[in-house]
Amino acid sequence: MNQVQKEAKIYIVGAGVSGLIAAQNLENYGYSPIILEASDRAGGRIKTDVIADYQLDHGFQVLLDAYPMAQKYLDYDSLRLQSLQSGALIFNGDSSTKFGNPLKDFKFLFSTLFSSLGTLTDKWKIFQLNQALKSKRVDVIFNKDELSTRQYLRRYGFSDTIIKNFFQPFFSGIFLEPNLQTSSRMFEFVYKMFGTGQAVIPEAGMEAIPKQLQKNLKKTTFHFDTKVKEVNNQRILLENGEELATDFTIVASDPSQLVPRYSSTLEWKACDTLYFTTPIDPIGSPIIGLNANEDSLINNVFFPTSLETATRGKGALLSVTIVKIHELNEAKLIKQIQEELNEYFFISETTFLKRYKITKALPKLNDVKYERDEGESLINERMAIAGDTHLNGSLNAAMISGETAAKIAHRATSASLLTFS
Ligand SMILES: Cc1cc2nc3c(=O)[nH]c(=O)nc-3n(C[C@H](O)[C@H](O)[C@H](O)COP(=O)(O)OP(=O)(O)OC[C@H]3O[C@@H](n4cnc5c(N)ncnc54)[C@H](O)[C@@H]3O)c2cc1C
């Protein structure tokens with residue numbers, strides 16, 4: 001790389017995972033990128049607060065350790081990953097049933113086989129789908145025609161009972177929407193990742209992931225609390241009125257908000273996560289609790305303190321996820337959730353700790369992609385897009401998009417057509 005290229009001013013808007021991966025790749029090419037981030041720290045949608053000594057992730061999230069990009073970019077050992085059990089505890093109002101993959105975890109064998117959550121054929125099909133997707137390549141998955149996940153499950157022959165009891169609450173918690181409208185491509189990808197690996201959370205909470213990525217950066221400059229208003233070809237306009245000259249910009253945040261005349265607007269899926277403390281953890285193991293009662297607000301629950309955590313309060317920490325749209329104010333929401341915890345999950349002594357109302361949790365996308373050609377990520381000759389919004393709502397996608405955007409920036413600065421300031 002020549003000196004002119006090396007000194008090219010490459011800005012990245014957004015210090016989420018996609019922006020951090022873009023920066024890492026640019027450093028590897030020899031550049032010293034500059035990240036402009038609106039909030040006070042890196043991580044984007046992956047943040048962890050410590051409150052009353054408990055670790056509170058901004059929304060219940062997990063890393064699927066089979067993600068190819070996570071394997072490439074993360075040092076799993078130093079994250080001290082803690083595994084969730086590969087199944088779920090399903091609450092149907094009267095009782096709870098452990099339901100999972102007995103091939104991964106033998107203790108699920110009897111409860112799964114003899115549960116009334118679905119028919120024997122359903123259970124056989126779950127296993128069969130698992131096997132089929134293990135050997136199906138991701139490019140094949142993402143090139144198939146898209147159906148909604150619900151249509152896909154019906155066509156695969158699953159009964160309405162197993163869809164209601166298991167698939168609906170499990171995948172609603174992942175897709176953050178209650179109706180299984182999300183693309184079947186995403187369903188197959190996520191199911192494959194669950195089948196080949198585990199759901200894990202770093203010991204210090206999910207923010208340990210972007211913290212590790214940030215720590216790896218040696219030549220990147222960060223400007224926090226720096227909100228970008230607009231990105232033009234060679235100018236970045238900040239909210240505070242300042243203007244910056246740029247040779248190339250990677251927009252690692254919603255481009256429809258920043259790039260004038262950007263062709264499409266983005267819709268988002270929202271969710272609520274409420275944290276409570278309880279004197280004890282009645283579930284007692286790191287397993288996701290699903291609510292099979294369709295007329296309630298709670299979708300899923302998890303006790304983060306059932307895992308090893310870097311810091312913890314005196315009791316147990318409970319996270320509750322709501323994906324249904326509701327109009328309740330916070331006081332009414334907390335009251336209703338406490339009643340539902342009592343009625344459906346048999347958890348009575350709950351003290352409210354904090355609510356995360358996440359209005360932009362996952363992008364609502366049609367035509368979800370695993371990756372895109374470089375041409376599709378280029379806005380113009382001096383600007384590229386990164387972010388899960390460009391592919392599919394996952395950490396894996398955020399990482400791929402950052403890698404592709406850095407490749408484009410490198411190619412653009414190498415092109416003799418461009419001159420740099
Ligand atoms: C509740 C929840 C649960 C999830 N569960 C999972 C899960 O289990 N597994 C999984 O793989 N993924 C999950 N995800 C998705 C995952 O978190 C995202 O795919 C990923 O973090 C997206 O990274 P990103 O860099 O694309 O975007 P973001 O993390 O959104 O980063 C964008 C950054 O740009 C900054 N920014 C925005 N506008 C501006 C501006 N004008 N100027 C400067 N900076 C700006 C933002 O502050 C932010 O830091 C979940 C997300 C949520 C919210």
Side-chain angles (χ1 to χ4, degrees), residues 11-23 34-48 56-70 74 84 170-177 186 189-190 193-194 197 199-201 206-207 209-210 213-214 222-231 236-240 244 249-259 266 268-273 288 299-300 302 319 321-323 356-363 365 368 385-403 405:
Y11 280 93
I12 300 169
V13 182
V17 166
S18 64
L20 295 170
I21 293 292
I34 305 159
I35 298 190
L36 307 172
E37 166 57 46
S39 75
D40 64 349
R41 62 196 205 264
R45 272 169 273 157
I46 305 186
K47 300 239 169 71
T48 307
L56 275 57
D57 288 335
H58 289 204
F60 176 63
Q61 318 201 24
V62 293
L63 169 70
L64 299 179
D65 66 1
Y67 279 156
M69 288 293 120
L74 298 176
L84 279 68
F170 193 79
F171 283 91
S172 291
I174 292 168
F175 298 151
L176 303 181
E177 50 95 2
M186 208 50 202
F189 176 61
V190 172
M193 293 296 106
F194 269 106
V200 296
I201 297 177
M206 288 297 284
E207 193 176 332
I209 293 172
L213 296 174
Q214 184 182 3
F222 285 85
H223 294 288
F224 294 112
D225 299 310
T226 304
K227 190 163 184 194
V228 172
K229 188 172 180 194
E230 196 174 295
V231 185
I236 297 176
L237 179 62
L238 303 184
E239 284 281 347
N240 66 9
L244 306 168
T249 309
I250 294 176
V251 180
S253 51
D254 183 355
S256 63
Q257 303 291 313
L258 295 175
V259 183
L266 199 59
W268 289 89
K269 299 188 269 189
C271 71
D272 265 299
T273 298
I288 295 172
N299 187 79
N300 54 284
F302 183 69
S319 115
T321 303
I322 298 140
V323 298
Y356 292 92
K357 182 177 161 63
I358 307 168
T359 50
K360 292 183 174 182
L362 288 178
L365 301 171
V368 299
I385 316 171
D388 68 341
T389 53
H390 193 42
L391 299 174
N392 66 71
S394 72
L395 265 166
N396 192 68
M399 289 177 167
I400 296 184
S401 70
E403 189 179 276

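Both ligands and their constituent atoms are indexed starting at 1 by order of listing. Below, each value reflects all heavy atoms present in this structure, side chains not excepted, and no hydrogens, waters or symmetry copies.
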Quick one: look at [X] and ligand 1, take heavy-atom pairs under 4.0 Å, and tell me if it's side chain, backbone, both or neither.
{"X": "Asn396", "result": "neither"}
{"X": "Leu362", "result": "side chain"}
{"X": "Ser401", "result": "neither"}

[X] N/O to ligand 1 N/O under 3.5 Å:
{"X": "Leu395", "result": "yes"}
{"X": "Lys360", "result": "no"}
{"X": "Lys47", "result": "no"}
{"X": "Tyr67", "result": "yes"}
{"X": "Val13", "result": "no"}
{"X": "Asp388", "result": "yes"}
{"X": "Ala38", "result": "yes"}
{"X": "Val17", "result": "yes"}
{"X": "Val228", "result": "yes"}

Examine distances only and state if a side-chain atom of [X] and a backbone atom of [Y] form a donor-acceptor pair shorter than 3.5 Å.
{"X": "Glu239", "Y": "Lys227", "value": "no"}
{"X": "Gln61", "Y": "Arg45", "value": "yes"}
{"X": "Asn299", "Y": "Thr321", "value": "no"}

So if I count the atoms of ligand 1 from 1 in the order they appear, which ones are less than 4.0 Å from some heavy atom of [X]?
{"X": "Gly16", "answer": "25 (O), 29 (O), 31 (O), 33 (C), 49 (O)"}
{"X": "Cys271", "answer": "1 (C)"}
{"X": "Gly387", "answer": "26 (O)"}
{"X": "Leu258", "answer": "41 (N)"}
{"X": "Phe60", "answer": "3 (C)"}
{"X": "Leu36", "answer": "43 (C), 44 (N)"}
{"X": "Gly44", "answer": "29 (O), 31 (O), 48 (C), 49 (O)"}
{"X": "Ala361", "answer": "51 (C), 52 (C), 53 (C)"}

Measure the spacing between [atom1] of [X] and [atom2] of [Y] and express it to the nearest 0.5 Å.
{"X": "Leu74", "Y": "Tyr67", "atom1": "CG", "atom2": "OH", "value": "11.5 Å"}
{"X": "Ser401", "Y": "Asn392", "atom1": "OG", "atom2": "CG", "value": "9.5 Å"}
{"X": "Cys271", "Y": "Phe175", "atom1": "SG", "atom2": "CZ", "value": "14.5 Å"}
{"X": "Ile385", "Y": "Ile250", "atom1": "CD1", "atom2": "CD1", "value": "11.5 Å"}
{"X": "His390", "Y": "Leu266", "atom1": "NE2", "atom2": "CG", "value": "11.5 Å"}
{"X": "Ile236", "Y": "Thr226", "atom1": "CD1", "atom2": "OG1", "value": "11.0 Å"}

_Partner of Ile201 by side chain to side chain contact (heavy atoms under 4.5 Å, CB included), out of Leu63, Thr48, Val62_ = Val62
Can you tell me the protein heavy atom closest to [atom] and the distance?
{"atom": "atom 9 (N) of ligand 1", "value": "Val62 O, 3.0 Å"}
{"atom": "atom 25 (O) of ligand 1", "value": "Ser18 OG, 2.7 Å"}
{"atom": "atom 29 (O) of ligand 1", "value": "Arg45 N, 2.8 Å"}
{"atom": "atom 23 (O) of ligand 1", "value": "Ala398 CB, 3.6 Å"}
{"atom": "atom 34 (O) of ligand 1", "value": "Gly14 CA, 3.2 Å"}
{"atom": "atom 14 (N) of ligand 1", "value": "Gln61 OE1, 3.2 Å"}
{"atom": "atom 32 (C) of ligand 1", "value": "Ala252 O, 3.5 Å"}
{"atom": "atom 37 (C) of ligand 1", "value": "Ser253 CB, 3.5 Å"}

_I'd like to check Phe194 versus Leu64 (side-chain heavy atoms, cut-off strictly below 4.5 Å). Are they in contact?_
yes
Mind listing the closest non-hydrogen atom pair of [X] and [Y] along with its distance?
{"X": "Gly173", "Y": "Leu176", "answer": "O-CD2, 3.4 Å"}
{"X": "Val251", "Y": "Pro255", "answer": "CG1-CA, 3.9 Å"}
{"X": "Ser394", "Y": "Met186", "answer": "CB-CE, 4.1 Å"}
{"X": "Ala42", "Y": "Phe224", "answer": "N-CE2, 3.4 Å"}

_Worked check of side chain to side chain contact (heavy atoms under 4.5 Å, CB included) between Glu177 and Val323_ = CA-CA 5 Å; Glu177 50 95 2; Val323 298; 5.9 Å; no
*What's the verdict on side chain to side chain contact (heavy atoms under 4.5 Å, CB included) for Tyr356 and Leu56, showing C-alpha distance, side-chain angles and the deciding distance?*
CA-CA 9 Å; Tyr356 292 92; Leu56 275 57; 3.8 Å; yes
*For atom 49 (O) of ligand 1, which candidate among Met193, Met69, Glu37 provides the closest heavy atom?*
Glu37
*Answer with yes or no whether Thr273 contacts ligand 1, where contact means a heavy atom under 4.0 Å from a ligand atom.*
no
